[in-house]
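Okay, so here's the structure we're looking at.
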Protein chains: 2
Amino acid sequence: MYIKNKDEATEDLIKKTAKKLFFGEGKFNATTQEIADAAGVNRTLINYYFRSRDKLFEIVFADAQEKEQQRTESIVFSELPFKAKIEEFIDDSFVMAKEYPYMEIYLVTQFNQGCYFKDEEGMERMLKKFYEEVLVEMEKGTIDKMAPIQFIINMVSLISFPISMRPLFQRTMRLTDEEYEKIVDDRKDIIMNTLFRNQNKINQ
Amino acid sequence: MYIKNKDEATEDLIKKTAKKLFFGEGKFNATTQEIADAAGVNRTLINYYFRSRDKLFEIVFADAQEKEQQRTESIVFSELPFKAKIEEFIDDSFVMAKEYPYMEIYLVTQFNQGCYFKDEEGMERMLKKFYEEVLVEMEKGTIDKMAPIQFIINMVSLISFPISMRPLFQRTMRLTDEEYEKIVDDRKDIIMNTLFRNQNKINQ
DNA sequence: ATTTTGTTTAACAAAAATGTTAAACACTAT
DNA sequence: ATAGTGTTTAACATTTTTGTTAAACAAAAT
């Protein structure tokens with residue numbers, strides 16, 4: 001039998017390259033030729049391994065969704081206390097964002113074009129669990145009382161927006177790469193302080 | 001001479017339709033045929049009025065940028081007190097978002113593909129002015145002390161993210177249109193409370 | 001060695017999208 | 001009425017992108 005390494009190598013290389021272009025560089029409309037060039041392979045290999053451009057896109061999209069969800073799940077269902085979970089989530093998001101800054105925005109554009117969702121069950125379980133924890137914290141007074149969904153929206157907004165909108169922000173505010181990275185680095189404490197009413201303020 | 005109405009009517013109709021498709025429905029890859037169909041005109045009229053697809057895109061993009069900036073400028077340079085400006089900005093953003101929910105995300109994807117910026121001077125003046133006001137508020141203790149840019153990022157994130165990410169959010173959280181609109185309606189107070197350390201809490 | 005199996009390539013075909021032209025059309029001013 | 005002007009249309013041409021096929025190729029098994 002043929003060595004399994006080689007074919008999986010190219011197949012994987014193509015997938016990796018597509019991800020890099022989509023999520024890493026924001027080139028959502030990359031043609032098969034562009035992907036092939038970036039990967040240094042013949043264009044028709046995309047058809048050989050993935051049948052069609054659409055199939056490749058589907059796979060990459062599904063992968064991205066799954067990864068996002070697993071990432072979140074492993075934090076939500078961990079044994080960490082609430083506040084630590086949020087910190088973990090922030091750290092994790094920023095790490096992810098370094099490699100794939102355009103991931104979330106890509107997911108959104110895909111959803112706009114009428115994409116289905118993957119593991120709906122898992123998502124629901126996770127949300128329920130997190131909801132409950134949020135409610136407990138509100139009872140304790142650690143966070144302001146509001147609809148739990150609003151707390152989640154606040155949290156995700158504060159974390160994800162500056163990542164997704166980096167090109168717009170950085171240009172608008174005329175910031176260098178270094179300046180922007182500094183800002184992102186500083187954000188963890190700021191987000192924590194904003195979400196947790198500044199009790200036990202971390203940075204002062 | 002020919003009636004000026006008619007030609008401006010179609011030209012404008014095409015622009016309006018393109019905007020509706022891009023910003024209103026998130027169809028960033030609409031073909032000239034799709035735009036023409038949606039506008040109910042012959043496809044080649046796009047070439048007649050705009051020369052090429054790219055030119056049309058450029059114009060729509062420039063328009064969007066300009067509108068956003070003017071909108072923001074008129075608030076920043078108004079005579080309102082700081083807090084009222086923010087409220088105004090929130091209201092304004094939500095109105096805009098009703099018609100063009102995908103506007104900001106479109107701007108970002110365009111920037112990703114290497115787009116230039118329009119009125120850089122104006123933007124700079126505006127930012128400077130707002131920075132100063134933010135600093136004053138921090139001195140007064142109305143808002144937490146942090147780099148002014150971080151306050152701005154917080155503000156814009158809390159406002160724009162739930163709009164831009166609506167399809168993702170709504171799907172993920174399994175919400176109906178009515179439920180989501182309710183959430184957006186509730187957000188104004190939540191955002192104000194989050195930004196202003198909950199003094200004089202609006203909603204309790 | 002040669003058959004088998006899977007991979008890669010280039011040439012070709014097909015499809016999709018854009019752009020151009022010239023003729024038809026509508027309206028108005030003369 | 002018709003000459004003039006700008007608009008709209010359909011037919012055509014071009015370009016871009018995708019998909020297919022058959023042959024070349026490489027490695028391993030017989």
Side-chain angles (χ1 to χ4, degrees), chain A residues 1-23 25-63 106 109-110 112-115, chain B residues 1-63 102 106 109-110 112-115:
Chain A
M1 193 196 275
Y2 215 61
I3 287 174
K4 202 82 200 228
N5 279 355
K6 209 177 180 185
D7 72 326
E8 284 203 350
T10 13
E11 185 171 346
D12 227 61
L13 176 64
I14 293 172
K15 270 205 318 204
K16 274 217 177 75
T17 309
K19 280 181 194 170
K20 200 186 78 187
L21 287 181
F22 300 160
F23 310 141
E25 301 175 21
K27 299 190 174 148
F28 302 150
N29 291 8
T31 63
T32 50
Q33 187 65 67
E34 285 170 324
I35 297 169
D37 286 351
V41 303
N42 188 291
R43 178 180 61 83
T44 52
L45 283 178
I46 292 174
N47 294 100
Y48 179 71
Y49 284 109
F50 301 96
R51 210 182 187 90
S52 74
R53 181 183 190 264
D54 276 359
K55 291 271 178 224
L56 169 61
F57 279 41
E58 265 174 42
I59 286 172
V60 170
F61 178 65
D63 263 31
Y106 177 80
T109 59
Q110 289 304 96
N112 291 348
Q113 272 149 52
C115 245
Chain B
M1 192 196 276
Y2 215 61
I3 288 176
K4 203 80 202 233
N5 279 357
K6 209 175 179 188
D7 73 326
E8 285 203 351
T10 12
E11 185 169 348
D12 227 61
L13 175 64
I14 292 172
K15 268 204 319 204
K16 275 217 178 75
T17 309
K19 279 180 195 170
K20 201 186 78 185
L21 286 181
F22 299 161
F23 310 143
E25 300 176 23
K27 297 188 174 151
F28 302 149
N29 290 10
T31 63
T32 49
Q33 188 64 67
E34 285 169 325
I35 297 169
D37 287 350
V41 303
N42 189 292
R43 178 179 62 82
T44 52
L45 283 178
I46 291 175
N47 294 100
Y48 179 72
Y49 284 110
F50 302 95
R51 208 182 188 90
S52 73
R53 181 183 190 265
D54 276 359
K55 290 272 179 224
L56 170 60
F57 278 43
E58 265 174 42
I59 287 173
V60 170
F61 179 64
D63 263 31
Y102 300 108
Y106 177 80
T109 59
Q110 288 306 94
N112 291 348
Q113 271 149 52
C115 245

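Convention: sequence-line order gives letters A, B, ...; per-chain numbering from 1. Bear in mind that the values here come from a model prediction, so they are computed numbers and not experimental data.
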task = Ignoring backbone atoms, establish whether A:Y48 has a side-chain N or O less than 4.0 Å from OP1 or OP2 of C:dG6.
result = no
Length of the line joining B:Q33:CD and D:dT9:P, which is rounded to integer Å = 12 Å
request  = Please state how far atom CD in B:E11 lies from atom C1' in D:dT8, giving the value in whole angstrom units.
outcome  = 15 Å
query = Please give, in whole Å, the distance from D:dC12 P to B:R43 CZ?
reply = 14 Å
query = Given atom CG of A:D37 and atom P of D:dT17, what is their separation to the nearest angstrom?
reply = 12 Å
task = Taking only the side-chain nitrogens and oxygens of A:N47, find out if one of them lies under 4.0 Å from OP1 or OP2 of D:dT18.
result = no
request  = Calculate the interatomic distance between B:R53 atom CZ and D:dT15 atom P; express it in whole Å.
outcome  = 18 Å
message = Aromatic contact between B:F22 and B:F57, with the criterion being ring centroids under 6.0 Å apart: yes or no?
response = yes
key: Gap between atoms CZ and P, on B:R51 and D:dT7 respectively (whole Å)   = 16 Å
message = Applying side-chain hydrogen bond (donor to acceptor under 3.5 Å, both in side chains) to B:N42 and B:T44, what does each step give before you reach the verdict?
response = CA-CA 6 Å; B:N42 189 292; B:T44 52; 2.7 Å; yes
key: Spacing between A:N29 atom CG and D:dT16 atom P, to the nearest angstrom   = 16 Å
ask   = Picking from B:I35, B:D63, B:T10, what satisfies side chain to side chain contact (heavy atoms under 4.5 Å, CB included) with B:K15?
value = B:D63
task = Provide, to the nearest angstrom, the distance between the CD1 atom belonging to A:I46 and the P atom belonging to C:dA10.
result = 15 Å
inquiry  = For a quick test of reading the model: is some side-chain N or O of B:T44 closer than 4.0 Å to OP1 or OP2 of D:dT8?
reply    = no
Value rounded to 0.5 Å, distance of CZ in A:R53 from OG1 in A:T31 = 7.0 Å
inquiry  = Regarding A:S52, tell me which of base, sugar-phosphate or nothing describes its non-hydrogen contacts under 4.0 Å with the strands shown.
reply    = sugar-phosphate
Side-chain N,O (A:T32) to OP1/OP2 (D:dT18) below 4.0 Å = yes
